[in-house]
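What follows is a short report on a single structure.
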Amino acid sequence: MQVIDRRKALSIPPIWRLAFRPFFLAGSLYALLAIPLWVAAWTGLWPGFQPTGGWLAWHRHEMLFGFAMAIVAGFLLTAVQTWTGQTAPSGKRLMGLALVWLAARLGWLFGLPAEWLAPLDLLFLLALAWMMARMLWAVRQKRNYPIVVVLSLMLGADALTLSGLLQGNDALQRQGVLAGLWLVAALMALIGGRVIPFFTQRGLGKVEAVKPWVWLDIALLVGTGVIALLHAFGLAMRPQPLLGLLFVAIGVGHLLRLARWYDKGIWKVGLLWSLHLAMLWLVVAAFGLALWHFGLLAQSSPSLHALSVGSMSGLILAMIARVTLGHTGRPLQLPAGIVGAFVLFNLGTAARVFLSVAWPVGGLWLAALCWTLAFALYAWRYAPMLVAARVDGHPG
């Protein structure tokens, strides 16, 4: 049972009442600024200005450990209150965590020396993992211990990336970022496998959700974790046919889950098809990387962006659109323009994954424009909800 001091909770400014509020807002604003900034730098529009480690190091690190982990923090530190009945971080504790996140983002962009940046950046993930572990341990909720394991491994992946930054070792930075990306994919497999069938059942008014195949969920979690570790140790950085078979298995597993969850009614509900499409991009990424490992594709970058843009960021946009409505006491009806944001986002992903191979500059600018408009629409429609009290008068 959830025990909250109502008077104390309502005395906190709304933005600091639950973690989804500051982190969904900050993460979406960061996303809509960071991608056009990166493409502008890549095309030579920012001569002379360099973030710590250079633009490529900044882009690789920040889209994962800055943007994505902000949303992960907002989601987990909100959900864990429901899971455990414990009071989630709010008020000054939440403000402190958000300030650590912001300081690291500003430090990286404006050239803070790597020796100072590294501990500041790691502090955010360390605090997040500790907060989650403490709340789950308090009620011995073993079912969610794997989340703490993934967060701890993310801390290790970030440490590996920052070690590469300190050494000026680009290969080590890439290993850390790709390991972290596949750890997020593992988290997506774990949480997506729980919530997408449930959301689909609720959204379509079904009697019950599709029951999971536990063996498949475990296999996908373990297989994706193995891929992350192989990247961390540098064993997956070059094409290897045996690894191609593992990527095929991951792709088939996710495709099988999507087929089991599928109902033609999802196409009438923006909150549903956006989630299913995000997981479909993960299938595209897995099969594309399998082809790269088999030597049938020349580049891995398009497939990696199917994962990082289409799947990870697409799931983020779909989830924050739904979670914000539910946790601000609103009906699950999308505000005007958000279906358009989902459409723009997926068109932009297609431009990044497919079009930019043949048309690099134009394809990237088109992808950046679609991405920016999609997150700008979210910020425009949802920022007022995130900074205001719940419409039903409840805490949170």
Please tell me whether Tyr378 and Thr324 have a donor and an acceptor in their side chains that are separated by less than 3.5 angstrom.
yes
Within a strict 4.5 Å, meaning less than it, do heavy atoms of the [X] and [Y] side chains meet?
| X | Y | value |
| --- | --- | --- |
| Leu97 | Met131 | yes |
| Ser311 | Met188 | yes |
| Pro22 | Trp101 | no |
| Phe20 | Met319 | no |
| Leu117 | Leu165 | yes |
| Arg352 | Leu366 | no |
| Trp38 | Leu56 | yes |
| Phe67 | Ile35 | no |

Under 3.5 Å: donor-acceptor pair, side chain of Arg17, backbone of Pro395
no
Side-chain donor/acceptor of Thr328 to backbone N/O of Met385, under 3.5 Å:
no
Distance from Phe65 atom CZ to Asp121 atom CG, nearest 0.5 Å?
8.0 Å
Straight-line distance of Phe75 CZ to Ile191 CD1, nearest 0.5 Å
5.0 Å
Tell me whether the count of non-hydrogen atoms from other residues, nucleotides or ligands lying under 6.0 Å of CH2 in Trp380 goes above 12.
no
Crowding at CZ, Arg260 (>12 non-hydrogen neighbours, <6.0 Å)
yes
Show me the donor-acceptor pairs, under 3.5 Å and distance only, between side chains in residues 231-259 and residues at least two apart or in other chains.
from, atom 1, to, atom 2, distance (Å)
His231, ND1, Ile227, O, 2.9
Gln240, NE2, Leu235, O, 2.3
Arg257, NH1, Ala189, O, 3.3
Arg257, NH1, Asp217, OD1, 2.9
Arg257, NH2, Ala189, O, 3.1

Acceptor/donor pairs from residues 271-286 side chains to any protein atom, 3.5 angstrom cut, sequence neighbours excluded:
from, atom 1, to, atom 2, distance (Å)
Ser274, OG, Gly270, O, 2.7
His276, NE2, Thr200, OG1, 3.1
Trp281, NE1, Asn346, OD1, 2.9

Scan residues 58-82 for pairs that pass salt bridge (Lys or Arg N to Asp or Glu O under 4.0 Å), counting only residues two or more places apart or in two chains.
Arg60-Asp170, Glu62-Arg105
